[in-house]
There are 2 protein chains.
Amino acid sequence: MSLRHGLLGLLAEGPASGYDLARRFSETLGTIWPAQHPKIYAELGRLAADGLVEVESEGPRRRKAYRITDAGLAEVKHWLSEVDVDHTMRLQPLLRSLFFWLMDADDLQRHLAAEARFYTEIAEQYRQYAERKDRGEFGNSPQTQSMRVAIEAGVRLYSALADWAEWAQTVPPAKPAKSTKPAKSTKPARAAKPTTR
Amino acid sequence: MSLRHGLLGLLAEGPASGYDLARRFSETLGTIWPAQHPKIYAELGRLAADGLVEVESEGPRRRKAYRITDAGLAEVKHWLSEVDVDHTMRLQPLLRSLFFWLMDADDLQRHLAAEARFYTEIAEQYRQYAERKDRGEFGNSPQTQSMRVAIEAGVRLYSALADWAEWAQTVPPAKPAKSTKPAKSTKPARAAKPTTR
DNA sequence: GATGGACATGTCCTAAGGGACATATGATCG
DNA sequence: CGATCATATGTCCCTTAGGACATGTCCATC
């Protein structure tokens, strides 16, 4: 249920419409926390029903801007300070890496090179963003300060992944256990063992 | 739909039961790709219906071991080489970091210290696992070679996060825009601007 | 031989994610 | 003035995730 608190956190900066919030998610937050507009509108409705946000104004084309209420602010602060962090990571690239041994050496090298390029590029984007902030381009409000901290995480994470993908290209492909030794051959599906225990 | 391919990948190493697979997810894979047993049994059923796996043997207590079929192996290889990688990351800790400005300085320091401890510990676990592999404790099969590559990613990712959390503790908390300058005060909810554009 | 515990598989139900589609409205420009 | 585009909000529906609960089975041990 982090989307709920994500929305509250964004609204703590000031009123915004569902459209605004959806843009922020798709433009900058998308890499660390994806959220499509259907979910956002639905959640805003629920938040309003629960009294955590309220409609601040109705704008030009049906635009509704929401403002966080005191209850909403209390809720997001409570979440930040009292609720356990969920450290779950769901990284498909890492899951795939477990199965690299199923790939041709060529395909694998291509794959890793593409991954390295991808991560390097994202890391670079975050780095530039960080620089602009450090040059004072976005002011020095508490919000942008926190943004700076988040960006730093992006830089470090994606740099680490880029380095990893580079490094992985240098790992020699393990031969499918052929000529290394006489190889006690019959061990016919090692993971099988119908372990009763 | 990565669980499907995750299961196929694991079964490519050799036959296993739903219980075995669930344990592998909860013990070692849980950090990078969580999966509970209800999903696993359901997906195994679907995989069997689609002919990508088949029941290899029935063991002691209703135990059913599944074996990957040729079609299943082809499917997972196709996924690895041809299907685009999903780079989506969903990191609650990073989402939270955007809202650090809403926290007391004390709470934030406590939070960051706990985060640093957590990431350091996980990184250390991965590091030890990598060492054991490098000492040859797990042999040198292609599978364990790939495992080694995945572990390396874990080491680097969690080290990066640990360093980040340490670094973040040194970032001075931005004062809520008070005494820094005369401060053109009236700019009443900067994010509001009912942008019609 | 009864009982408790680890093994093993499964269902049920609700919530969350997300693609596809629908619709209203104001702005722009020929 | 009519067409078209970007803005803005929403619904529908299917899939995936995951907590809670239920059941069966073999083993140890008292």
Side-chain angles (χ1 to χ4, degrees), chain A residues 1-7 15-27 29-50 53 55-66 84 86-92 95 192-197, chain B residues 1-7 15-27 29-50 53 55-66 84 86-92 95 192-197:
Chain A
M1 276 245 288
S2 293
L3 175 59
R4 190 178 183 82
H5 295 105
L7 292 175
S17 70
Y19 193 78
D20 294 338
L21 295 164
R23 256 191 319 154
R24 281 194 71 174
F25 271 101
S26 80
E27 281 171 12
L29 266 73
T31 32
I32 61 157
W33 201 270
Q36 284 69 25
H37 75 267
K39 292 293 297 176
I40 291 173
Y41 287 119
E43 194 61 49
L44 281 173
R46 248 169 276 141
L47 284 167
D50 294 347
V53 304
V55 174
E56 182 228 16
S57 64
E58 314 229 351
R61 28 201 125 179
R62 303 169 79 208
R63 179 183 218 274
K64 266 184 294 180
Y66 290 89
D84 282 346
D86 179 358
H87 289 102
T88 305
M89 225 182 244
R90 198 180 280 275
L91 285 187
Q92 209 200 66
L95 182 67
K193 51 170 177 179
T195 55
T196 306
R197 262 204 278 182
Chain B
M1 275 242 290
S2 295
L3 174 60
R4 189 177 184 82
H5 296 105
L7 292 174
S17 69
Y19 193 78
D20 294 339
L21 295 165
R23 255 193 319 154
R24 280 195 71 175
F25 271 101
S26 79
E27 282 172 11
L29 267 73
T31 32
I32 61 157
W33 202 269
Q36 284 71 25
H37 76 268
K39 291 292 298 174
I40 291 173
Y41 288 118
E43 194 61 49
L44 281 173
R46 247 170 277 142
L47 284 167
D50 294 347
V53 304
V55 174
E56 181 228 17
S57 64
E58 314 228 351
R61 28 200 126 177
R62 305 170 77 210
R63 180 184 217 275
K64 267 184 292 181
Y66 290 89
D84 281 348
D86 178 359
H87 289 103
T88 304
M89 222 180 245
R90 197 181 284 275
L91 286 187
Q92 208 200 66
L95 182 65
K193 52 170 176 177
T195 55
T196 305
R197 264 208 272 181

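Protein chains get the first letters and strands the later ones, always in sequence-line order, with residue 1 at the start of each.
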- When the distance from NZ of A:Lys39 to P of D:dT11 is rounded to whole Å, what number comes out? 13 Å
- Message: How many whole angstroms separate atom CD of A:Glu43 from atom P of C:dA16?
- Response: 7 Å
- Item | Residue mapping more 5' on DNA chain C - nearest nucleotide basis, B:Thr88 or B:Pro38 | B:Pro38
- Gap between atom OG of B:Ser17 and atom CZ of B:Arg23 - 0.5 Å precision: 7.5 Å
- Task: Would you mind reading off the distance between B:Leu44 atom CG and C:dT9 atom P, rounded to a whole angstrom?
- Result: 9 Å
- Message: Quick check for you: among D:dG18, C:dT9, D:dA17, whose closest atom lies nearest to any side-chain atom of B:Tyr41?
- Response: C:dT9
- Task: Could you check how far CZ of B:Phe25 sits from P of C:dA8, rounded to whole Å?
- Result: 18 Å
- Message: Closest approach to the side chain of A:Arg63, judged atom by atom: which nucleotide of D:dT9, D:dA17, C:dG10 is it?
- Response: D:dT9
- Note on the structure: From the candidates C:dC7, C:dG10, D:dA8, the one with an atom nearest any side-chain atom of B:Tyr66 is C:dG10
- Is any side-chain nitrogen or oxygen of A:Lys64 closer than 4.0 Å to OP1 or OP2 of D:dG10? yes
- Message: In the structure I gave you, are the side-chain heavy atoms of B:Trp33 and A:Gln92 within less than 4.5 Å of one another anywhere?
- Response: yes
- Measure the distance from CD on A:Glu58 to P on C:dA24 and round it to the nearest whole Å. 17 Å
- Item | salt bridge (Lys or Arg N to Asp or Glu O under 4.0 Å) evaluation trace for A:Asp86 with B:Arg90 | CA-CA 10 Å; A:Asp86 179 358; B:Arg90 197 181 284 275; over 6 Å; no
- Closest nucleotide among C:dG19, C:dA8, C:dC12 to the B:Arg62 side chain: C:dA8
- Side chain proximity check, B:Tyr66 to B:Asp20, heavy atoms < 4.5 angstrom: no
- Message: Under 4.0 Å, heavy atoms only, any strand: does B:Arg90 hit a base, just the sugar-phosphate, or nothing?
- Response: sugar-phosphate
- Item | Rounded interatomic separation in angstrom, taking CD from B:Gln92 and P from C:dA16 | 13 Å
- Note on the structure: Of D:dC26, C:dG10, D:dT16, the nucleotide closest to the side chain of B:Arg61 is D:dC26
- Task: Please state how far atom NE2 in A:His37 lies from atom C1' in C:dT23, giving the value in whole angstrom units.
- Result: 12 Å
- Item | Value in whole Å for how far the P atom of C:dA6 lies from CG of B:Asp20 | 18 Å
- Message: I need the A:Arg4 CZ to A:Ile40 CD1 distance, nearest 0.5 Å.
- Response: 14.5 Å
- Options C:dA16, C:dG10, D:dG10, nucleotide nearest the side-chain atoms of A:Arg46: C:dA16
- Considering just the side-chain nitrogens and oxygens of A:Tyr19, establish if one lies under 4.0 Å of OP1 or OP2 belonging to D:dT9. no
